[in-house]
Amino acid sequence: MSQLSIYNSLTRKKEQFVPLTPGYVGMYVCGPTVYSDVHLGNCRTFISFDLMYRYFLHLGYKVRYVRNITDAGHLEGDRDEGDDKFSKKARLEQLEPMEIVQRYTLGFRKMMEMFNNLPPTIEPTATGHISEQIEMTQQILANGYAYEVNGTIYFDVQKYDKEKPYGILTNRKLEDLLEGTRELGGQDEKRGRLDFALWIKAKPEHLMQWPSPWGMGFPGWHIECSAMSKKYLGNEFDIHGGGMDLAATHHTNEIAQNQACYHVSPARYWLHTNMLTVNGTRMSKSAGNGFLPGELFTGNHPLLERAYSPMTVRFFMLQTHYRSTLDFSNEALQAAEKGMKRLWEAYDIVKKLEAGTVAATDKALDEKVSSLLASMDECMNDDFNTARVLAVLFEVVPIINSIKDGHIKLQALSGTTIAAVQTYFKAYLENIFGLKNEVQSEDGKLSGVLQLLIEIRKDAKQKKDYATSDKIRNQLLGLGVALKDEKDGGVTVSFT
RNA sequence: GGUCCUGUGGCCGAGUGGCUAGGCAGAGCUCUGCAAAAGCUCGUACAGCGGUUCGAAUCCGCUCGGGACCUCCA
């Protein structure tokens, strides 16, 4: 089997994945800022990294997956007169900042659960790691890469860039970056245009503030990830991930902070997921074109024709590679919904197949299926290409359906191959892709009622009383229960 | 302006220089009391123009179009 290779933003190419410690993976993903509901773009990133997390587990790695919760106030802009996001919202809603944090943290976790994302192994909060952030800031100061102005500590980007390339992650030169930045205002206390705050002095009315060697204040945005990744994963770890929009600023600053503090770049592999778009434009908070997952699940949004389930959305995302943009539309979602249904019905058949011990009667077909299955691993190892894995699964589907319909005999495939199909479908659909059947199983009493109706209908059919049999089928369909007559005389029930 | 990404059949989307991606929609056929599902077959797509090559959607150049980042955002 091939080795896993992943695209490293830092080197801009695919590299074979070699963990720092054999058998273990340390992965840090920038989590949400919990001052409002997560929108779907955020969810895409976390679904992408959930997929990677699941795949590492599938490969047998022990994974420490750290995803932070940003619950400490950051400035709205990079100017210190701005309110922080939490206290602003709090005043608006007459709530304590930590009430806001609590509400949206719970909401976020709920959404992650609905999408069937596994929880990270550690989910640290910024406010829970203030002292670590202060310590790191002190060390950066001691190392000479930061300076204090009136109780605020700034990172000295130009000094840093003399020793290490500041724009290494996004392949930019300092001059080019400076060119794109606005002029410093007259009263600005920063020395350099690109300098960013490690610690920010708080005004008395500021709701979230902590004591520090430089007076009361709060941490800058970038330092939390540096401090927490270092604490739980060490100075150097395997993977650091996040959305592409974080690369140029947040991740660039993280690398600079870690280098300035520990003289080493934190992560070996930097993974960035691409944006979700609506009508070709990026979905974002500031653009106001974002969907909330809840709106999607209820269909309650002007752009949505109807509701789409969490698994439909997850499947929809898996049909695209994580580094490609994905455009959102009703048509595309409906296509995904149908495709997933087809795949899942085939999976239901697969589960019921009885793997014999006989050799394959159709050698060619047996080999074809085997090689299809093997290619799934190849696709996944090629930078988590879920789109191709799905394509392969869909190529196996007609074979499965043909076995069910009797076009292909079960014995055409060897028992080993049948068992492999079962293993692969389960591994990929459930364990790696994290899909689950959303149809609620009917409870005992209703099941009995349904069974009765099916029997009455069967009797009617035998008497060629099609008026009655069609009435039962049509009315049940109207209630969301679809009956399908199978060739063998049986009936398949599915819920819509 | 700088740094990049991107343009694939009606829609969504993979794609290693040569072999059918796949899904959805559409057409035909088979099965079927009908329906649904399923199976089989079908579109001969790669923005345009040049170039490299025996051969390019895939490499190079130019043109046109779309997008991202450079400012809070996954």
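Below, chains carry the letters A, B, ... as their sequence lines are ordered, and counting in each starts from 1.
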Specify the separation, in whole Å, of atom NE2 of H272(A) and atom C1' of rG67(B).
18 Å
Answer with base, sugar-phosphate or nothing: what part of the nucleic acid does D485(A) contact at a heavy-atom distance below 4.0 Å?
base
Taking any strand in view, what nucleotide pairs with rA38(B) in a Watson-Crick or G-U wobble way, both distances under 3.5 Å?
rU30(B)
Is the cationic atom of R323(A) (NZ for Lys, CZ for Arg) positioned less than 6.0 Å from the six-membered ring centroid of Y7(A) and within 45 degrees of its normal?
yes
I'd like to know if E123(A) pairs up with R109(A) as an ion pair, taking the criterion as any Lys NZ or Arg NE/NH1/NH2 lying under 4.0 Å from an Asp or Glu carboxylate oxygen.
yes
With a 4.0 Å cut-off on N to O distance, would you call K404(A) and E486(A) a salt bridge?
yes
When all nucleic acid strands are considered with a 4.0 Å heavy-atom cut-off, which category describes G31(A): base, sugar-phosphate, or nothing?
sugar-phosphate
What pairs of nitrogen or oxygen atoms, one from the protein and one from nucleotides 22-32 of chain B, lie under 3.5 Å apart?
from, atom 1, to, atom 2, distance (Å)
rA25(B), OP1, K338(A), NZ, 2.7

For A248(A), report the nucleic acid contact type (base, sugar-phosphate, nothing); a contact means any heavy atom under 4.0 Å.
sugar-phosphate
Taking any heavy-atom pair under 4.0 Å as a contact, classify T277(A): base, sugar-phosphate, or nothing.
nothing
I'd like to know if R54(A) and D50(A) make a salt bridge, using a cut-off of under 4.0 Å between side-chain N and carboxylate O.
yes
Tabulate protein N/O versus nucleotide N/O from nucleotides 4-7 of chain B, keeping only pairs under 3.5 Å, one per line.
from, atom 1, to, atom 2, distance (Å)
rC4(B), OP1, N171(A), ND2, 2.9

For S324(A), report the nucleic acid contact type (base, sugar-phosphate, nothing); a contact means any heavy atom under 4.0 Å.
sugar-phosphate
Have a look at M244(A) and say if it touches a base, only the backbone sugar-phosphate, or nothing, with a 4.0 Å heavy-atom cut-off.
nothing
Taking the six-membered ring for Trp and the full ring for Phe, Tyr or His, determine whether the centres of F316(A) and F328(A) are under 6.0 Å apart.
yes
Aromatic ring proximity H222(A)/F196(A), centre distance under 6.0 Å:
yes
Does a salt bridge link E345(A) with K341(A), judged by any charged N lying under 4.0 Å from a carboxylate O?
yes
Can you name the nearest heavy-atom pair linking L333(A) to T312(A), along with the distance?
O-CG2, 3.7 Å
Sugar-phosphate, base or nothing in reach of L276(A), heavy atoms under 4.0 Å
base
So what does L483(A) touch, heavy atoms closer than 4.0 Å: a base, only the sugar-phosphate, or nothing?
base
May I ask which nucleotide in the shown strands pairs with rC4(B), Watson-Crick or G-U wobble, both distances under 3.5 Å?
rG67(B)
Is D470(A) touching bases, backbone alone, or none of the nucleic acid, heavy atoms closer than 4.0 Å?
base
L194(A) atom CG is separated from rG2(B) atom P, nearest whole Å, by 18 Å
Indicate, with a heavy-atom threshold strictly under 4.0 Å, whether S48(A) touches base, sugar-phosphate, or nothing.
nothing
Any side-chain N or O of N385(A) under 4.0 Å from OP1/OP2 of rA14(B)?
no
Measure from the ring center of F384(A) to the ring center of F17(A) and say whether it is less than 6.0 Å.
no
Nearest-nucleotide wise, let me know which of N474(A) and T281(A) is further upstream toward the 5' end of RNA chain B.
N474(A)
Remember a base hit wins even if backbone is also touched, and classify R282(A) as base, sugar-phosphate or nothing at under 4.0 Å, heavy atoms.
base
How close or far is atom P of rC69(B) from atom CG of L178(A), stated in whole angstroms?
20 Å
Is there a Watson-Crick or G-U wobble partner for rU53(B) with both distances under 3.5 Å, and if so, which one is it?
none
Classify the nucleic acid contact of G41(A) as base, sugar-phosphate or nothing, counting any heavy atom under 4.0 Å across all strands shown.
base
Salt-bridge criterion met for D470(A) and R457(A) (N-O under 4.0 Å):
no
Applying the 3.5 Å cut-off to both distances, the Watson-Crick or G-U partner of rC46(B) turns out to be none
rA14(B): pairing nucleotide in any strand, Watson-Crick or G-U under 3.5 angstrom
none
